[in-house]
Amino acid sequence: MRIGIHPDRDRAFSDKWRDFLTERGVEVVLLDLLGPQAIEEAKSCDGIMRRWFHIQDDKQSARVILQAIESSLKKPVFPSVATSWHFDDKIAQYYLLSALGAPQPAAWVWWEKERALEWTKSASYPVIFKLTAGAGSSNVVKVETRQDAMSLIDQMFDRGIFPMMMNEYRPAFLPKTRRQAKQRALRFVDAARHIVAGEFPALPDAWWKPEKGYAFFQEFLPGNEYDTRVTVVGERAFAFRRMNRPGDFRASGSGNIDWNPEAVDPACLELAFEVSRKADFQTMAYDFLYRNGKPVICEISYTFVDTAVHSCPGHWDRQLQWHEGHMWPQEAQVEDFIEEVGNRRRGATPQATVPGATVTGTQG
Ligand SMILES: Nc1ncnc2c1ncn2[C@@H]1O[C@H](COP(=O)(O)OP(=O)(O)O)[C@@H](O)[C@H]1O
Ligand SMILES: [Mg+2]
């Protein structure tokens with residue numbers, strides 16, 4: 001068996017995948033899926049893995065390459081299309097969870113400004129406004145009044161909003177560092193170019209795509225002091241609770257985690273397993289909140305911080321039996337992927353090897 005891995009930015013997942021695969025006697029090939037030989041390199045493997053991240057560069061390259069490999073080369077890919085087409089896209093998740101009949105907060109997706117503005121008349125405040133992209137609570141805002149909701153709708157259908165520009169990420173009025181001061185000065189140059197030549201100003205580095213042309217709101221779920229993060233990898237569920245930031249309704253990104261398994265609500269585990277099975281997710285992290293005492297899914301993501309999952313003292317299986325011991329999510333993913341690739345291989349013949357690909361493992 002030969003598995004190709006495209007290294008991720010910080011190699012947090014790819015290095016561990018390589019090691020766990022190699023330990024199991026699988027040949028590992030490092031792929032360059034951003035190069036001109038991407039498809040040829042993928043052809044030489046039985047399965048392909050690439051952890052892509054929620055920044056725009058990864059989102060635009062990984063989706064198209066991996067989908068071509070999975071759909072047209074018919075190779076198992078991690079993350080599969082089913083697992084990842086809705087990644088870092090809360091609106092896609094809203095439609096997916098609705099279609100699956102999975103419990104989630106009441107939500108309103110508006111693609112037309114007039115309808116969105118009309119809705120603000122009947123909405124009961126506070127409501128939650130979110131950009132469809134983003135992590136760590138960066139683009140999630142509580143809207144207290146109709147006026148504020150209308151103003152956000154105006155922005156979303158007019159200028160657009162860049163991710164990482166709301167809440168605590170909003171740039172300070174006065175620059176705090178020399179770098180910020182320099183960037184501020186360069187804006188005058190940008191502005192002059194825009195006025196004279198109609199050239200667009202420079203975009204931010206990582207989150208360079210403005211969010212525009214939609215408005216997404218959810219009902220505000222009061223009384224949630226934490227969210228419950230359940231990460232399902234195949235038949236295993238790892239779980240912990242994330243406490244809100246002090247004096248804030250937002251948990252994601254607070255860094256204040258409780259790993260006590262006794263405090264995890266089994267209803268969240270059941271739901272997470274059920275949705276993963278129905279939707280055919282290889283791996284999925286679920287964030288649960290409570291609505292009238294029952295868990296609802298606030299967000300899903302196929303990738304996450306691995307150390308938080310590894311810190312879980314054990315995991316549950318599908319029957320909710322507890323298995324003591326820390327486990328890297330990458331190891332669980334590799335175990336499942338070897339099985340998936342093995343099953344596929346029994347029905348198909350592997351293709352020829354591409355010269356030049358870097359072999360780092362041994363033939364299994
Ligand atoms: N509808 C809601 N009602 C109450 N709190 C919410 C709601 N949606 C999100 N939150 C809080 O805000 C945090 C961030 O929201 P989330 O949608 O998960 O965005 P992110 O992608 O930034 O993690 C959640 O962890 C939760 O604590
Ligand atoms: Mg979240």
Side-chain angles (χ1 to χ4, degrees), residues 53-56 58-59 84 86-98 102-109 119 123-144 148-149 152 161-170 206-207 209 211 214-232 238-258 263-265 268 271-272 275 283-305 308-309:
F53 212 53
H54 65 280
I55 63 168
Q56 199 55 37
D58 276 15
K59 281 174 23 175
S84 64
H86 37 77
F87 171 59
D88 197 38
D89 189 339
K90 292 179 172 67
I91 294 179
Q93 292 161 27
Y94 164 71
Y95 286 120
L96 171 66
L97 294 173
S98 304
Q104 59 179 325
W108 298 270
V109 180
W119 165 82
S124 44
Y125 299 91
V127 289
I128 299 292
F129 170 85
K130 298 181 180 183
L131 296 183
T132 198
S137 297
S138 52
N139 307 318
V140 175
V141 178
K142 199 199 287 179
V143 181
E144 301 285 353
D148 289 348
L152 281 163
I161 299 179
F162 280 95
M164 303 297 278
M165 297 291 264
M166 306 175 111
N167 297 318
E168 57 274 42
Y169 299 93
R170 183 189 288 273
W207 283 274
K209 183 179 149 285
E211 297 295 322
Y214 69 85
F216 180 46
F217 294 92
Q218 281 181 345
E219 66 175 328
F220 171 62
L221 298 173
N224 283 282
E225 298 295 316
Y226 58 86
D227 72 4
T228 303
R229 163 59 68 92
V230 179
T231 306
V232 174
F238 304 82
F240 49 82
R241 297 183 313 151
R242 303 182 301 183
M243 304 301 153
N244 290 0
R245 295 164 170 75
D248 198 321
F249 73 96
R250 298 167 306 148
S252 165
S254 73
N256 184 0
I257 299 183
D258 173 21
V264 170
D265 181 350
C268 298
L271 252 171
V275 172
T283 284
M284 195 54 67
Y286 297 83
D287 296 345
F288 287 99
L289 293 175
Y290 286 94
R291 179 178 198 265
N292 303 327
K294 296 218 169 100
V296 291
I297 301 170
C298 172
E299 202 195 5
I300 60 175
S301 172
Y302 91 85
T303 197
F304 38 78
V305 179
V309 172

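As the structure lists them, so they are numbered: ligands from 1, and atoms in each ligand from 1. Positions are given from 1 along the sequence. Since the model is a prediction, treat every value here as computed from it, not as a measurement.
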If you measure from the Lys or Arg side-chain nitrogens to the Asp or Glu carboxylate oxygens, is any gap between [X] and [Y] under 4.0 Å?
X: Glu168; Y: Arg250; value: yes
X: Asp287; Y: Arg242; value: yes
X: Arg241; Y: Asp227; value: no

Atom-level proximity to ligand 1, residues with heavy atom under 4.0 Å: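 These residues qualify: Lys90, Ile128, Lys130, Gly134, Ala135, Gly136, Ser137, Ser138, Val140, Gln218, Glu219, Phe220, Leu221, Asp227, Phe249, Arg250, Ala251, Ser252, Asp287, Leu289, Cys298, Glu299.
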Non-hydrogen atoms of Asn139 and Met166 that approach each other most closely: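 Here Asn139 and Met166 meet closest at CA-SD, 4.1 Å.
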Closest approach of Val230 to Phe288 (non-hydrogen atoms, all atoms of both residues): CG2-CE1, 3.8 Å
Parallel, tilted or perpendicular: rings of Phe217 and Trp119 (30°, 60°): tilted
Proximal protein heteroatoms (N, O or S) of the Mg ion (ligand 2), under 2.8 Å: Asp287 OD2, Glu299 OE1
Lys/Arg cation over aromatic Phe220: Lys142, 6.0 Å, 45° cone: yes
Check: Tyr125/Asp148 side-chain N/O donor and acceptor closer than 3.5 Å: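 Tyr125 vs Asp148: no donor-acceptor pair found between side chains.
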Donor-acceptor pair between Gln104 and Ser98 side chains, under 3.5 angstrom: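 Side-chain D/A pair, Gln104 to Ser98: present.
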